[in-house]
Amino acid sequence: MTTTTIRARERKSENNQIVTYLIVGGAIIFVMMIFGILMLLAQGGALDVSPAAFYQFLTIHGTGMIGAAALAAASVMWYFLREYVDLSKKIFIANLVLFLIGVVMVIVGVFSFEYASSWTFLYPLPALSGGAWGTIGALLYLFGMLILGVGFLLLFIDTGRAIIKKYGSLGKGLGWDVISGKKSEEDAPPKAVIASTMVTIVNVTALLAGATVLIMNIINVINPAFTFDPLLAKNLTYAFGHIFANSIIYMAVIAVYEILPRYANRPWKANKVFLIAWTMSTVFTLLIYTHHMLMDSVMPTWMLIMGQALSYANGLPVLIVTAYGALMIVYRSGIKWDVASGLIFISMFGWVVGVVPAIIDATIVVNHVMHNTKWVPGHFHMYMALGACAMLFGFMYFLAKEDSAIKPNLLDKIGLIGFTLGVLSLSGSFLVSGALSTPRRWATHIPEWMGPALFGAVAGVLMTISLAIFIIHFIRYVRERDYVPRDEEGKKIA
Ligand code: HEM
Ligand SMILES: [Cu+2]
């Protein structure tokens, strides 16, 4: 067998893994949307859901959305990064297997054993539920999360290993030798490598913090006599939760970098400004979880001030170079718009628009009023759904186009419009609720708060139908991809 046919086979089996990641991710996001709608119907007074069930829905929705979006985003990162560095396929598969085991444990813990701490499992809640759930539920959830986290940790250790092997160090993966002038801009690493290096750094940190606090919680659940400092626990928990949730968009944005230039037929190379922006966002992302501690007056003041100041700046460097770069790539390029490029472009808009209310909320004065209101889900639904998820779904359309003869039809375009309008309406309804001082994470609403919740439920239905359209398109692709004529590299013959 020639090396090219070996490569063709490898590529095909790797693409099989990517497809599995995306199907698992897409299916979980779909089901979690339904739980989101049920929560809004309950808050809107249209559906009778017991508070216990509501908090189980909240827990599964938060955990499932973050986990599934991270899984799908990791496959985007892996798909493009493998073109530049040598990744381990075994670890890629191991992560998926551990993810699935973890998910089953979490589902059983939540629905069979009524575990409902929300996805932030803030110490000492897992052990002190006031009788709402028992030891078994807590252990299933915490161990499930730990297993899932170990899978991701392996994956990012592997990406780190591969980047170091090829480029010499993680610093060089971020292009520090170009920033310092030792190398010319021409030799800057590809954007997929830069982003992957950033994600590797922040997520290894996040997952180690997460594993530590999960293990401490597990010991505390088994033996309540073992206690630990709640402030330390909160720091570790948010270092994990904030960073890991944040990293989703930094993985997914690789799709923007790789797909837009192909569509517009223009190169998009990393320059010094781009490199500096990514290094800045790497540092900020690691530090700003402290904005979750603004209400904890016992925290050192300098940390809170840092949390506030850097939160303004957190995503901005990367967001600005990416949004600006994307506009420049597209401007007068005669780009062909279809559902893939449309979703990718919309995602930039969702990211930009979603960051604005986040910045407002990161202001301490505003935060004291807004932080526990639905203003918060208002901003993160915007950039998670219209930012990160649109990138993921755009990638699914891109893959279908690259790897099969399937073409999007009118229905797919309707899905694109429906999804955009759906997210804008859902996030808008959350923001209105926040402005009305509706607290977040409350199973029951007073009548004055119910209207926006019901409106949000309708918007959620629109989003769910649109996602169903995207998934149907993807399944059509999966079924046809075996019958496509390919060259020796395994790529579709155009
Ligand atoms: C049909 C679409 C969706 C609907 C109807 C929906 C609905 C909801 C609702 C009602 C809440 C609880 C709000 C409260 O605190 O009272 C929530 C929380 C949340 N949602 Fe969504 N959501 C949707 C899509 C998404 C997506 C796409 C993501 C991320 C990829 C996401 C991630 C989250 C997270 C992380 C929470 C926080 C959970 C917590 O507070 O512990 N949601 N969502
Ligand atoms: Cu945060």
Side-chain angles (χ1 to χ4, degrees), residues 73 76-77 80 173-176 178-179 184-199 202 246-285 288 309-338 340-360 362 379-380 382-395 398 420 423-424:
V76 174
M77 168 171 156
F80 292 111
L174 285 174
W176 285 355
V178 178
I179 296 177
S184 73
E185 271 187 353
E186 302 290 288
D187 300 323
K191 290 193 301 306
V193 172
I194 301 164
S196 303
T197 308
M198 181 273 195
V199 170
V202 301
N246 228 211
S247 76
I248 295 171
I249 207 156
Y250 294 113
M251 293 191 265
V253 76
I254 299 174
V256 178
Y257 294 148
E258 294 275 347
I259 296 173
L260 272 191
R262 291 180 208 207
Y263 268 80
N265 224 340
R266 281 179 176 172
W268 184 0
K269 293 241 354 164
N271 56 19
K272 263 194 193 178
V273 176
F274 185 92
L275 293 170
I276 293 171
W278 271 89
T279 293
M280 285 170 73
S281 283
T282 309
V283 178
F284 296 168
T285 301
I288 59 154
L310 295 187
S311 291
Y312 286 124
N314 172 31
L316 281 186
V318 163
L319 179 57
I320 291 168
V321 291
T322 307
Y324 178 77
L327 284 176
M328 288 302 110
I329 290 289
V330 169
Y331 182 65
R332 293 202 169 160
S333 67
I335 186 172
K336 282 228 162 50
W337 291 109
D338 62 10
S341 55
L343 277 165
I344 293 286
F345 199 72
I346 289 277
S347 75
M348 296 308 313
F349 170 76
W351 193 4
V352 173
V353 177
V355 157
V356 177
I359 290 180
I360 297 176
H379 78 69
F380 70 69
M382 186 86 84
Y383 68 66
M384 289 301 290
L386 202 54
C389 287
M391 292 172 192
L392 299 174
F393 304 149
F395 175 73
F398 165 79
T420 310
V423 182
L424 288 175

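The figures here come from the full heavy-atom set of this structure, side chains too, leaving out hydrogens, waters and symmetry mates.
- Residue Thr285 holds its OG1 atom at 4.0 Å from OH of Tyr250, rounded to the nearest 0.5 Å.
- To the nearest 0.5 Å, atoms CD1 (Ile329) and CH2 (Trp268) are separated by 6.0 Å.
- By the 4.5 Å heavy-atom criterion applied to side chains, Ser196 and Ile254 are counted as neighbours.
- The shortest side-chain heavy-atom distance between Pro317 and Phe284 falls under the 4.5 Å cut-off.
- Between the CD1 atom in Ile249 and the OG atom in Ser281 there is a gap of 11.5 Å [rounded to 0.5 Å].
- Nearest approach of Val353 to Met382, heavy atoms of both residues: CG1-CE, 3.6 Å.
- Ring centers of Tyr257 and Phe274: under 6.0 Å apart, within the cut-off.
- For the residue pair Val318 and Ala277, the shortest heavy atom distance occurs at CG2-O, 3.8 Å.
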* To do: Check the pair Ile335, Leu260 against side-chain contact (heavy atoms from CB on, under 4.5 Å), reporting the backbone distance first and the verdict last.
  => CA-CA 9 Å; Ile335 186 172; Leu260 272 191; 4.1 Å; yes
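- Taking 4.5 Å as the limit, some side-chain heavy atom of Glu185 sits within range of a side-chain heavy atom of Val178.
- Among all heavy-atom pairs drawn from Ala188 and Ala270, the shortest one is CB-O, 3.8 Å.
- Residues Val199 and Met77 form a side-chain contact, since some pair of their non-hydrogen atoms from C-beta on lies under 4.5 Å apart.
- Contact annotation: the side chain of Met391 approaches that of Val253 to within less than 4.5 Å [non-hydrogen atoms, C-beta and beyond].
- Here the straight-line distance linking atom CG of Leu174 with atom CE of Met198 works out to 9.0 Å at 0.5 Å rounding.
- In this structure, the side chains of Phe345 and Leu327 come closer than 4.5 Å at one or more pairs of heavy atoms.
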* Show your reasoning for whether side-chain contact (heavy atoms from CB on, under 4.5 Å) applies to Ile276 and Thr279. => CA-CA 5 Å; Ile276 293 171; Thr279 293; 5.7 Å; no
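- Between Lys269 atom NZ and Asp187 atom CG the span is 7.5 Å, to the nearest 0.5 Å.
- Of all heavy-atom pairs spanning Ala340 and Gly394, the tightest one is CB-O, 3.7 Å.
- Scanning both residues, Phe80 and Ala255, for their nearest heavy atoms gives CE1-CA, 4.0 Å.
- Here CG of Leu319 is found 6.0 Å from CE of Met348. Values are rounded to the nearest 0.5 Å.
- Looking at Leu343 and Phe398, their side chains never come closer than 4.5 Å, going by heavy atoms from C-beta outward.
- Within the 4.5 Å cutoff, no side-chain heavy atoms of Asn246 are placed close to those of Val202.
- A pairwise comparison of heavy atoms in Ala264 and Ser333 identifies CB-OG, 3.6 Å as the closest pair.
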* To do: Tell me, with the steps shown, if Thr197 and Trp278 meet side-chain contact (heavy atoms from CB on, under 4.5 Å).
  => CA-CA 10 Å; Thr197 308; Trp278 271 89; over 6 Å; no
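- With sequence neighbours left out, Thr282 forms a side chain to side chain donor-acceptor pair (under 3.5 Å) with no residue at all.
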